[in-house]
Amino acid sequence: MLVSVSSSSVYAVSLECNGNIVSTGITEEQLLNACGEPTSRNGANWVYRKPGSIPVLVTFGNGVVIFIRDVESEDFPASPLGDHP
């Protein structure tokens, strides 16, 4: 699965999956259609990992993607919203 962040900032605005640009505001279903199953899930936090690259954390709130960011580990880093995704 090809997943890459389109920005080098800590909080990315979008990511690319299989040629699809994914950004905040899309639903879980839309993300699954664009990127497939995440490498791992923990509630509202999903991690996508491409071999050889930094994992990408996608956080949901109210059923839509609200944050996309690089993470140093896919061991479910803290949500940008703390305990309230």
Side-chain angles (χ1 to χ4, degrees):
M1 174 184 306
L2 172 66
V3 177
S4 64
V5 175
S6 64
S7 169
S8 61
S9 65
V10 173
Y11 287 92
V13 176
S14 63
L15 61 92
E16 182 181 341
C17 297
N18 304 316
N20 298 301
I21 300 298
V22 176
S23 59
T24 58
I26 68 168
T27 66
E28 288 184 16
E29 183 178 347
Q30 290 170 316
L31 180 61
L32 287 170
N33 287 337
C35 299
E37 283 294 322
T39 305
S40 51
R41 294 186 194 201
N42 183 9
N45 295 309
W46 294 10
V47 175
Y48 284 90
R49 180 173 179 79
K50 175 183 154 190
S53 69
I54 297 171
V56 176
L57 172 69
V58 178
T59 301
F60 291 91
N62 296 323
V64 298
V65 174
I66 56 172
F67 289 105
I68 300 171
R69 66 182 177 118
D70 294 345
V71 293
E72 293 189 20
S73 165
E74 65 181 86
D75 294 330
F76 293 107
S79 166
L81 299 178
D83 293 334
H84 307 284

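One finds the CD atom of Glu16 at 9.5 Å from the SG atom of Cys35 (value rounded to the nearest 0.5 Å). Interatomic distance, Leu15 CG to Leu31 CG, rounded to the nearest 0.5 Å: 7.0 Å. To the nearest 0.5 angstrom, Trp46 atom CH2 is 12.0 Å from Thr39 atom OG1.
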- Message: As a quick check of understanding, evaluate side chain to side chain contact (heavy atoms under 4.5 Å, CB included) for Phe67 and Val58, giving each step before the final call.
- Response: CA-CA 6 Å; Phe67 289 105; Val58 178; over 6 Å; no
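Under the rule for a side-chain contact (heavy atoms from CB on, under 4.5 Å), the partners of Asn33 that lie at least two apart in sequence or sit in another chain are Glu29. Contacts of Glu28 classified as side chain to side chain donor-acceptor pair (under 3.5 Å), with partners at least two apart in sequence or in another chain: none.
In this structure, Ile66 and Thr24 have side chains that are not in contact, with every pair of non-hydrogen atoms separated by 4.5 Å or more.
The backbone N or O of Ala34 lies less than 3.5 Å from a partner atom in the side chain of Asn20, making a donor-acceptor pair.
Val71 approaches Val56 most closely through the heavy-atom pair CG2-N, 4.4 Å. In plain terms, the two heavy atoms of Leu32 and Pro38 that are nearest each other are CD2-CD, 4.1 Å. Here the closest heavy-atom approach between residue Ile68 and residue Val22 is recorded as CD1-O, 3.8 Å.
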